[in-house]
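Take a look at the structure below.
Each chain gets a letter, A, B and so on, in the order its sequence line appears, and its residues count up from 1. Every heavy atom of this structure was used, including side-chain atoms; hydrogens, water molecules and symmetry mates were not.
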There are 2 protein chains.
Amino acid sequence: MRCYRAAVAPDRRVPTLADVARHAGVHPATVSRTLSRPELVAPATRAAVLAAVEALGFEPNLPARQLARGRTDAIGVVVPDITNPYFAAIVRAVQRSAHDLDLAVLIADTDGDPAAEARALATLARQVDGIVAVTPTSEPDAGRVPVVQVNRRSRRTPSVVVDQRAVVDLALDHLAALGHRRIAVVRGPGTYWSAARRDRAVEQRAERTPRPKLRLDPIGPVPPTFAGGVDAFAAATQRSTAVVAFNDLQAAGLVVAAHRAGVAVPDACSVIGSDGLDIAAMTAPGLTTVAAPLDALGDIAVEQLGALLRGEAARGVVTLTPTLVERHSTAAPPRTR
Amino acid sequence: MRCYRAAVAPDRRVPTLADVARHAGVHPATVSRTLSRPELVAPATRAAVLAAVEALGFEPNLPARQLARGRTDAIGVVVPDITNPYFAAIVRAVQRSAHDLDLAVLIADTDGDPAAEARALATLARQVDGIVAVTPTSEPDAGRVPVVQVNRRSRRTPSVVVDQRAVVDLALDHLAALGHRRIAVVRGPGTYWSAARRDRAVEQRAERTPRPKLRLDPIGPVPPTFAGGVDAFAAATQRSTAVVAFNDLQAAGLVVAAHRAGVAVPDACSVIGSDGLDIAAMTAPGLTTVAAPLDALGDIAVEQLGALLRGEAARGVVTLTPTLVERHSTAAPPRTR
DNA sequence: TTGTAGGCGTTATCAC
DNA sequence: GTGATAACGCCTACAA
């Protein structure tokens, strides 16, 4: 069996600023300046320095730079589960935006465990300048570094959230327009900030009683997973002609459970999801869903964090508006046909 | 609107080793020792130091430590797209294993762009001790830091791969046992190492002609996506009674396309996926699939990298064996019923 | 425009 | 067992 070893440079250690300076015949400080503030250095020396940098293949040692500068130029992002497409989408957006700001991204996956979350925060806090926390179930405390929260608002930190009332209205208005009058609304976990928020929106909607008047059946709380959706199907379709899921995973579960039960979607039962994940397009029929602006969620979180890092004030709470994506899991209720 | 600023400690700067030393009435070196090699310090002093650490809320400055130690205790992982559940699963595994080794994880998402990939590698290489590269389309060159590749073998670096021949055999044997004799095999992108590998396995299988003799229809190359699967459906079912997809995303697309075309799965057409993602359980019918040991892929990659970092030799190539997960997208071909 | 010098916070090698 | 001291590699007033 072939074996491999770390490719240790056989003789030459990695070049430092001093090496470059020697090679270019200038002082180390000049090299440093050439790299960080080129405009402060004469074109001729600059060229010489850059040539030397090139020749030696010099790359600044980041820990040294971080130590001297007092910052890491990295941010952390903590999510419960990176394999959940919802969080993956946010992480991707964060990663991109951070990259545009020349910030590295450290990631921590907490498995949804509050203890792991606290640990992750503490660990991250020591090696990044700021943190984007996507922690549905608990409020993060990162100690010294600034935090921006996604999908949870708090008094202590800026945050960017999705307007849950708009989610509810978009879903219910759509179903109402199709002719549904009795609608099951699947609740998310009681521990989720956004679920609590949505519950309230549903209650308020019931109180506001806009026309047409809807009868709303709260179901659950139900885990925000595919399995949760499967399990909730029976209860959800007991009395209602349509179901609003807490998220797309649940909605996909509902659709599959309907299929198994021989219930036609959307003809016998409408299902509407939430989040607008890619998988919503991958069910049969394709899922009508209330799409959250996932990229924007991440982008704005990073933007806010960037402002904080520059010492600027960040807006307290940014509320993003969802949009309805119509596919084929919703239609008029059976009796009106 | 409420505004927030970075929580700058109003008066007290963050405590350093020297502060702790002063507080405990010992020399800074003793504090350092207490933290990194407690067994070398007298119990009494140790207690005093730890008390001081506690009292001041001291946490070592990582960049300083990294500079002094000459290592970062972090690894990087680069993937084409973190929102692809396949890569997300690997990242999760990497993240966990790394955590167990007290290594932080930096993540880079390259969007499948080779240029971005090279950039990501270069950037990562400067801030981590090693890299796990999941780059299906190209061979990474990270310069000075050791690299372990996932799902691609190379002469230069250790790697951990899935046995593509076993994937092919598992899928074809399963279909053959059900009675299928003419089977479409959807090819992955020509740029993927694993796709090339699988193509070869398919060819070899055709040559080996085990009984029963199968007629294999290669389809594509087809993008390894849901849309790719949808598009490939017509061609794949032209002449065959079963389709082997390149991965689960494609398989899900095939199933949905079948549904749209009014073709019953598995009664009229069997579909088998590959990878064993969560979404394979989320289609209707549930996807029979050849599951790759995704967690093991990540775990072993980190393990190998860990060995490299400790200066030990790593095994050259670790080949992992997939397993068949039977669900409900495969059945006997129509004519045998 | 460039050089000087001190410091960033920790570790490691010595003596004591 | 503990203290002194010199790196680690870079940055940045400040001086020239």
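Nearest to the side-chain atoms of B/Leu67 among the listed nucleotides C/dG3, D/dC8, C/dT10 stands D/dC8. Picking from C/dG9, C/dT1, D/dC10 the nucleotide with the shortest atom distance to the side chain of A/Thr45 gives C/dT1. Among D/dT2, C/dG9, D/dC10, the nucleotide with an atom closest to any side-chain atom of A/Thr16 is D/dC10. Each of D/dC10, C/dG9, D/dT2 was ranked by its minimum atom distance to the side chain of A/Ala64; first place goes to D/dC10.
Using a cutoff of 4.0 Å between basic side-chain nitrogens and carboxylate oxygens, A/Asp111 and B/Arg92 are not scored as salt-bridged. Between A/Arg37 and A/Glu39, at least one side-chain N (NZ, or NE/NH1/NH2) sits under 4.0 Å from a carboxylate O, which counts as a salt bridge.
Atom CZ in B/Arg37 sits about 12 Å away from atom C1' in C/dT13, given to the nearest Å. Distance CG (A/Leu40) to C1' (D/dC14): 14 Å, rounded to an integer number of Å. Nucleotide D/dG9 holds its P atom 16 Å from the CZ atom of B/Arg69, rounded to whole Å. Rounded to a whole Å, the CG atom of B/Asn61 is 13 Å from the C1' atom of D/dC8. Residue A/Arg22 contributes atom CZ, which lies 18 Å from atom C1' of C/dT2 at whole-angstrom precision.
A/Thr30 has no side-chain polar atom (N or O) that falls below the 4.0 Å cut-off from OP1 or OP2 of C/dT2. In this structure, B/Arg65 does not reach the C/dG9 phosphate: none of its side-chain N or O atoms is under 4.0 Å from OP1 or OP2. Contact check, B/His27 against D/dA4: a side-chain N or O comes under 4.0 Å of OP1 or OP2.
The side-chain hydrogen bond (donor to acceptor under 3.5 Å, both in side chains) test with A/Asn151 singles out one residue from A/Tyr86, A/Tyr192, A/Trp193, and that residue is A/Tyr86.
Between the base of D/dG1 and the side chain of B/Arg46 there is no donor-acceptor pair shorter than 3.5 Å.
Heavy atoms of B/Ser32 sit under 4.0 angstrom from at least one base atom. Residue-level contact check: B/Val26 touches the backbone only, with heavy atoms under 4.0 Å from sugar-phosphate atoms and none from bases. Within the nucleic acid shown, B/Ala29 comes within 4.0 Å of at least one base atom, counting heavy atoms only.
Counting non-hydrogen atoms of other residues, nucleotides and ligands closer than 6.0 Å to CG of A/Asp81 gives a total above 12.
Counting only heavy atoms from C-beta outward, the side chains of B/Arg65 and A/Arg126 approach each other to under 4.5 Å.
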